[in-house]
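These numbers come from the heavy atoms of this one structure, side chains and all, not from hydrogens, waters or symmetry mates. Predicted, not measured: the structure shown is a model, and the values here were computed from it.
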Amino acid sequence: MTTNTILLLLLSLIIAGGLSFFQYFYKAKTKSKLNLVLAFLRFLSIFGILLLLINPIMSRKTLETIKTPLPIVVDNSSSIVDLKSKETTLELYKKLFQNKELQEKFDVQSYRFDRDFQQSEEFDFKGKQTNIDEVSKNLKSIYKNIIFPTILITDGNQTSGNDYVYSFDSNNKVYPLVVGDTTKFLDLKVIQLNVNKYAFQKNKFPVEVFLQYSGNKSVNADFSISQGNSVLSKQTVLFSPSKKSVVLDVLLPADKVGLQVFKAIISSKEKEKNTYNNTKNFAVEVIDQKTNVAIISAIDHPDIGALKRAIETNAQRKVIIVKPKDVNSLQDYNILILYQPTNEFKSVFEKNKLAGINTLIITGNNTDFNFLNQQQSNLTFKMSGQKEDYLAEFNSQFNLFAIDNLGFENFPPLQNAFGTVTTNGTVSTLLSSKIRNIETNAPLLAFAENQGKRSAFLLGENSWKWRLQSHVDNQSFEKFDIFVDKIIQFLASNDSKKSLVVNHESFYNFGESIEILASYFNKNYEFDEKARLTISVTNTKTKQTKNYDLLKGNNSYKVNLDGLSAGAYNFSVKELNSKTSYSSHFEILDFDIEKQFVNPDVEKLSQLATQTQGKVHYPNQVDALIKTLLENENYKAVQKEIVSKTPLIDWVWLLILIAISLSTEWFIRKYNGML
């Protein structure tokens with residue numbers, strides 16, 4: 001307490017004592033024990049009130065020693081077991097974590113990682129993925145603005161995530177402790193297979209194979225691709241100390257419709273320590289029908305080439321560019337894209353009235369809007385001859401099909417004639433238009449369905465700039481091409497709206513995240529947030545069935561099926577209230593990425609240590625690592641002074657004491673006739 005507070009307390013004692021004395025002794029006719037009690041009660045009341053006003057606060061200073069954190073991070077993936085380093089890893093961890101000198105100098109913390117990162121002192125080495133990049137992200141989040149060292153006990157073999165070498169903070173030293181046999185063994189490996197998910201029946205599909213060799217002598221290896229007991233392709237590959245990798249391009253026949261599983265194998269007469277990485281399974285879904293898309297245009301424009309490339313990234317699509325006057329029959333086409341229609345398109349529209357083919361109409365500066373008003377009734381155009389730039393605004397409530405916002409608001413504007421566009425009937429708007437920051441309440445990209453026929457409208461030219469902007473934002477055309485593919489997929493189907501829509505892959509690699517998404521819509525085709533969705537998954541071989549509930553997310557329900565063994569599965573998704581169901585199948589391919597390694601990645605761990613000014617250590621150098629940390633003067637404990645201020649008396653209890661003393665005094669005076 002300060003001097004002023006102490007003086008105020010003394011003054012309060014004097015005032016309370018003086019007033020009590022004046023009331024019950026100085027003015028009193030008799031000086032009895034009763035007056036003494038009443039004077040004491042009055043003293044308590046007055047002193048309590050003054051004490052409440054002063055509210056004296058006690059300050060207490062304490063010293064806290066803050067140690068430098070020392071995270072010991074252990075690789076909990078199954079590759080530690082495969083490299084026969086489980087016992088070594090546990091011994092190293094115990095020796096470091098239980099070291100008294102390290103505990104005295106550092107705040108030692110224990111973590112483990114595989115696909116995820118978590119604080120733990122127990123390790124089972126069952127992780128199916130290794131993500132060292134996740135370690136750097138979490139340590140940065142936990143120890144913000146702190147200089148600290150990190151001990152990383154790992155084999156350095158990462159199977160997911162970004163390159164970890166440059167992801168750690170360069171100001172915080174990382175000391176990798178390498179586990180696993182660093183002796184180089186002869187090893188042949190199928191590193192990667194690139195293949196399309198889909199192929200067409202009676203065609204051939206390409207497979208790109210990356211093979212790798214580790215060894216010090218020349219080796220002849222046999223590479224083959226088989227399906228069941230049939231060998232579809234076989235060839236001899238030569239490796240040498242100067243030729244350690246080979247890329248092969250193989251064409252395989254697509255004879256059977258459905259999901260087809262293949263096996264790629266590399267082998268030699270040499271003995272290998274690890275033969276698991278000599279084999280890799282892959283799958284292709286063979287379909288028996290292509291979607292033929294006709295882009296009909298009377299003019300040349302960059303939009304046409306961009307659309308053709310975007311559509312044909314899906315091997316199921318084939319695009320033909322044709323002029324209106326050259327269209328003789330529409331029977332060969334599944335979808336029509338009418339680019340900036342004018343009166344030249346009259347015969348195309350007339351033929352399509354009989355054919356009933358779904359259409360995508362794209363307008364622009366060369367479009368005849370009066371003609372377009374005559375040929376369709378979904379949109380009504382009242383346009384001027386003036387050009388205008390229209391920006392896009394994404395409608396998150398759009399639910400005809402699942403689509404992500406690619407950042408349409410930041411895309412370049414599309415150019416179209418200035419005017420008003422009115423929707424008629426049931427038209428769903430995916431993108432609405434804006435002129436600068438002013439909303440027009442008109443669609444930019446819209447979809448309609450009348451009597452089983454589907455139509456789409458893109459009101460503006462220069463969509464090629466969208467594809468280019470998407471590439472700038474994502475370093476890839478993939479997201480934009482998927483966006484276009486979903487539009488084509490919507491137009492390729494004449495199915496009526498489904499209340500239960502389920503998204504899944506036909507096959508997954510073992511160890512990958514297996515997520516199935518579902519959306520359920522009510523009778524107004526609005527997303528139903530009260531739906532109760534369950535999924536039943538059955539292994540076709542063992543007949544074992546597992547049931548799960550789907551959890552609601554943003555405009556979808558999701559279930560994670562991680563943990564299923566390799567094999568074929570049938571599944572059924574049901575909505576319990578309406579009894580609506582969806583059934584399909586998928587296959588989990590036998591592939592354990594953690595078994596692909598025969599040695600730790602010393603090179604990457606050395607780069608990490610150099611980048612952070614740390615040093616790589618091996619199991620027999622753990623004592624040297626401990627000595628390095630103990631002798632480093634940059635990691636000193638810091639004493640911090642903590643000042644805590646607390647009220648001398650709790651004001652609630654003080655109020656209660658004042659109330660009791662005043663009421664007691666009143667009752668005593670009342671009882672003795674002194675009022």
Side-chain angles (χ1 to χ4, degrees), residues 75 77-89 114 125 127-132 153-160 163-165 176-195 207-226 231 233-250 262-282 509-511 566 589-608 616 618-619:
D75 189 339
S77 64
S78 60
S79 65
I80 299 296
V81 177
D82 297 328
L83 294 179
K84 297 179 173 58
S85 301
K86 177 180 177 180
E87 299 302 326
T88 302
T89 301
D114 36 60
F125 304 103
K128 298 301 181 184
Q129 295 274 358
T130 303
N131 190 346
I132 303 178
I153 306 176
T154 181
D155 57 19
N157 293 312
Q158 178 168 272
T159 59
S160 65
D163 188 352
Y164 62 85
V165 171
L177 196 51
V178 184
V179 293
D181 192 347
T182 58
T183 305
K184 294 294 183 181
F185 297 96
L186 185 145
D187 184 53
L188 293 167
K189 181 190 298 186
V190 181
I191 299 178
Q192 186 175 338
L193 283 162
N194 292 334
V195 62
V207 181
E208 187 178 33
V209 187
F210 293 83
L211 305 175
Q212 189 178 71
Y213 165 69
S214 175
N216 299 317
K217 62 180 181 179
S218 297
V219 171
N220 284 325
D222 295 323
F223 174 76
S224 64
I225 297 178
S226 61
V231 177
S233 175
K234 187 173 183 179
Q235 55 186 297
T236 301
V237 184
L238 175 63
F239 293 99
S240 67
S242 59
K243 185 183 179 183
K244 292 184 176 292
S245 63
V246 172
V247 180
L248 301 178
D249 292 311
V250 181
F262 304 89
K263 181 182 290 186
I265 305 172
I266 186 170
S267 60
S268 72
K269 296 179 180 179
E270 303 293 335
K271 186 177 181 180
E272 297 182 58
K273 181 181 179 182
N274 183 4
T275 58
Y276 185 87
N277 57 15
N278 289 24
T279 303
K280 183 167 286 192
N281 294 323
F282 65 99
N509 285 323
F510 180 74
L589 304 181
D590 184 13
F591 175 71
D592 189 348
I593 195 169
E594 290 292 325
K595 291 184 178 180
Q596 303 299 305
F597 311 105
V598 293
N599 295 114
D601 195 340
V602 178
E603 182 180 352
K604 274 284 184 70
L605 292 175
S606 298
Q607 292 177 11
L608 172 61
V616 169
Y618 297 93

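- The shortest non-hydrogen separation linking Gln158 to Thr130 is CG-O, 3.3 Å.
- Applying the ring-ring contact (aromatic ring centres under 6.0 Å, His included) test to Tyr213 and every residue at least two apart in sequence or in another chain returns Phe239.
- The minimum heavy-atom distance linking Pro176 with Leu605 is given by the pair CG-O, 3.6 Å.
- Smallest separation of non-hydrogen atoms from Leu238 and Val246: O-CG2, 4.3 Å.
- Taking Pro241 as the reference, Ser218 meet the side chain to side chain contact (heavy atoms under 4.5 Å, CB included) condition, with sequence neighbours excluded.
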(message) As a quick check of understanding, evaluate side-chain contact (heavy atoms from CB on, under 4.5 Å) for Val190 and Leu211, giving each step before the final call.
(response) CA-CA 5 Å; Val190 181; Leu211 305 175; 3.9 Å; yes

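- Here OG of Ser214 is found 7.0 Å from CG of Leu186. Values are rounded to the nearest 0.5 Å.
- Shown are Thr154, Ile153, Leu83; of these, the side chain to side chain contact (heavy atoms under 4.5 Å, CB included) with Val179 is made only by Ile153.
- Scored by the salt bridge (Lys or Arg N to Asp or Glu O under 4.0 Å) test, Glu270 finds Lys217 as partners (sequence neighbours excluded).
- Taking Asn157 as the reference, nothing meets the side chain to side chain donor-acceptor pair (under 3.5 Å) condition, with sequence neighbours excluded.
- Remark: Asp75 CG to Asp114 CG distance equals 8.0 Å, nearest 0.5 Å.
- Every residue two or more places apart in sequence or in another chain that forms a side chain to side chain contact (heavy atoms under 4.5 Å, CB included) with Lys128 is listed here: Phe510, Asp592.
- Partners of Ser245 by side chain to side chain contact (heavy atoms under 4.5 Å, CB included), not counting sequence neighbours: none found.
- Residue-environment remark: CG (Asn216) stays at or below the threshold of 12 foreign heavy atoms within 6.0 Å.
- For the atom pair Asp82 CG and Glu594 CD, the distance stands at 7.5 Å (nearest 0.5 Å).
- Partners of Glu208 by side chain to side chain donor-acceptor pair (under 3.5 Å), not counting sequence neighbours, listed by chain and number: Asn194.
- Under the rule for a side chain to side chain donor-acceptor pair (under 3.5 Å), Ser606 has no partner lying at least two apart in sequence or in another chain.
- Here the side chains of Asp155 and Phe597 are not in contact, with every heavy-atom distance at 4.5 Å or above.
- Rounding to the nearest 0.5 Å places CD of Gln212 at 11.5 Å from CD of Gln192.
- Atom NZ of Lys84 sits in a sparse spot, with 12 or fewer heavy atoms from other residues, nucleotides or ligands closer than 6.0 Å.
- For Asn277, the side chain to side chain donor-acceptor pair (under 3.5 Å) partners at least two apart in sequence or on another chain are Asp187.
- A donor-acceptor contact closer than 3.5 angstrom is absent between the side chains of Ser224 and Ser226.
- In terms of heavy-atom proximity, Asp601 sits nearest to Gly156 at CB-O, 3.5 Å.
- In this structure, OG on Ser268 lies 7.5 Å from CG on Asn278, to the nearest 0.5 angstrom.
- Not counting sequence neighbours, the partners of Asn599 by the side chain to side chain contact (heavy atoms under 4.5 Å, CB included) test are Lys184, Phe185.
- Atoms CD1 and CG, from Ile265 and Leu188 in turn, are 13.0 Å apart once rounded to the nearest 0.5 Å.
- The ring-ring contact (aromatic ring centres under 6.0 Å, His included) check on Phe282 picks up Phe262, with sequence neighbours excluded.
- Between Asp181 and Lys273, some side-chain heavy-atom pair lies under the 4.5 Å cut-off.
- Under the rule for a salt bridge (Lys or Arg N to Asp or Glu O under 4.0 Å), the partners of Asp163 that lie at least two apart in sequence or sit in another chain are Lys604.
- Phe125 does not carry Lys86 over the face of its six-membered ring by the limits of under 6.0 Å from the centre and within 45° of the normal.
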